[in-house]
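Scroll down for the structure; my scribbles are underneath it.
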There are 2 protein chains.
Amino acid sequence: MKTQTDMPNRFTSFLEDRGLKLTYERRYLFEKVSRLKGHFNADSLYESLQRDKARIARGTVYRTIPLLLESGVIQKSVGEGKREFFESQTGKEHHDHLVCLKCHKVIEFHSDEIEKFQDQICEKYDFEMVFHDHRMYGHCGSCKEKKK
Amino acid sequence: MKTQTDMPNRFTSFLEDRGLKLTYERRYLFEKVSRLKGHFNADSLYESLQRDKARIARGTVYRTIPLLLESGVIQKSVGEGKREFFESQTGKEHHDHLVCLKCHKVIEFHSDEIEKFQDQICEKYDFEMVFHDHRMYGHCGSCKEKKK
DNA sequence: ATCCAATTTAGATTTAGTCTCAATTAAATG
DNA sequence: CATTTAATTGAGACTAAATCTAAATTGGAT
């Protein structure tokens, strides 16, 4: 819920832990993706920087994305095409996805029970979860019928 | 009348539903990926065909992968690099993944309870699940400690 | 304020994936 | 089972995505 700009955050602590520099470009990209609502890929992110007149090179975007992924600021998302898609984790109300293999419709769902058992699994394996991604693929109601 | 001795399967029924032809290449690729155990990408699949001396063009591999995905024969998998990775769904003992954001270790898990609630969700949304993919990202036991 | 290793930039290069069109083939039809 | 035709394939040209390189810049330690 909180997205403080100058306070330490998930990303700045991550950089510090790794002994990496907090450059202008890294901070800019962190703030940019934190504000992004929908899905994006490396290129659409680069283009939105250009619209901002932020002079950050394409290569820097590609080099920063793995850092944002590893720090859990963004995650890989439901990709329908060939490219990798990402979405911001910040302040997002969590949901998971049912994806129709036929019409590609995406239905969002949420289950407290599943989340509870997830936590149990993490405890069992001594794993500290940052985020998760749970998708079920199959056929939605209308495509099931159309199958005849 | 079918010229093949093969039984109908998920892929052949899919092709039939869509009015697509069951070509030599499609059958070959279906059988190939069904036998594959680990992860693969478009290129490693193409290379394994060349080792087989199967003369199937690169373009055909790229054109067939979406069909294998849509029919649920393969699914997109835990991709660590930039490329899309796939894995066969056939006859695989189902498991899900805990993925360490730091060392990229993958821990497999299985939970009957989670599967049960998944089924409930599907029922609620009138969704017929073909397969699912559930990943939790975070820090594994040893990376948690190393964080200091 | 200085210094140095890390990082960035711009563009060249490499690699991944798509497209085109002539040739081939599945399978529907008689 | 010969004919027909629309779908599919193969080969390679082409486009797009991602990486690399070397010179310039910068964070942050001293």
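Chain A is the first sequence line, chain B the second, and so forth, proteins listed ahead of strands; every chain is numbered from 1.
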With sugar-phosphate meaning primed atoms plus P, OP1 and OP2, does A:Arg58 contact a base, only sugar-phosphate, or nothing at under 4.0 Å between heavy atoms? nothing

What heavy-atom pair brings B:Cys100 and B:His139 nearest, and what distance separates the two atoms? SG-CA, 4.1 Å

OP1 or OP2 of C:dA6 versus the side-chain N and O atoms of A:Thr23: is any pair under 4.0 Å? no

If you define the side chain from C-beta out and look only at heavy atoms, does anything of B:His97 sit under 4.5 Å from B:Met136? no

Would you tell me whether A:His132 and A:Asp96 have side-chain atoms, one donor and one acceptor, within less than 3.5 Å of each other? yes

Can you figure out which of D:dG10, D:dT26, C:dA10 approaches the side chain of A:Lys21 most closely? D:dT26

Kindly give the heavy-atom pair with the smallest separation between A:Ala42 and A:Phe86, and that separation in Å. N-CE1, 4.2 Å

Euclidean distance, atom CD1 of residue B:Ile65 to atom C1' of C:dG17 [Å, nearest integer]: 10 Å

For D:dA7, does OP1 or OP2 lie under 4.0 Å from any side-chain N or O of B:Arg26? no

Given atom CG of A:Leu22 and atom P of C:dA6, what is their separation to the nearest angstrom? 17 Å

Separation of C:dG17 atom C1' from B:Leu69 atom CG, nearest Å, is 15 Å

Select base, sugar-phosphate, or nothing to describe what A:Thr60 touches, counting heavy atoms under 4.0 Å on all strands. base

Separation of A:Tyr28 atom OH from D:dG27 atom C1', in whole Å? 20 Å

Expressed in angstrom and rounded to an integer, what is the separation of A:Leu67 atom CG from C:dA6 atom P? 15 Å

In whole angstrom, give the distance that lies between atom CD of B:Glu25 and atom C1' of D:dA11. 14 Å

May I have the distance from A:Arg18 (atom CZ) to C:dT7 (atom C1'), rounded to whole angstrom? 16 Å

Could you tell me whether the phosphate oxygens of C:dT8, OP1 or OP2, come under 4.0 Å of any side-chain nitrogen or oxygen in A:Arg63? yes

In terms of hydrophobic clustering (I, L, V, M, F, W, Y; side-chain heavy atoms under 4.5 Å; direct or indirect links), are B:Tyr46 and B:Leu36 co-clustered? yes

Return whichever of B:Leu20 or B:Gly59 has its heavy-atom-nearest nucleotide of DNA chain C closer to the 5' end. B:Gly59

Distance in angstrom units between B:Tyr62 OH and D:dT15 C1', rounded: 13 Å

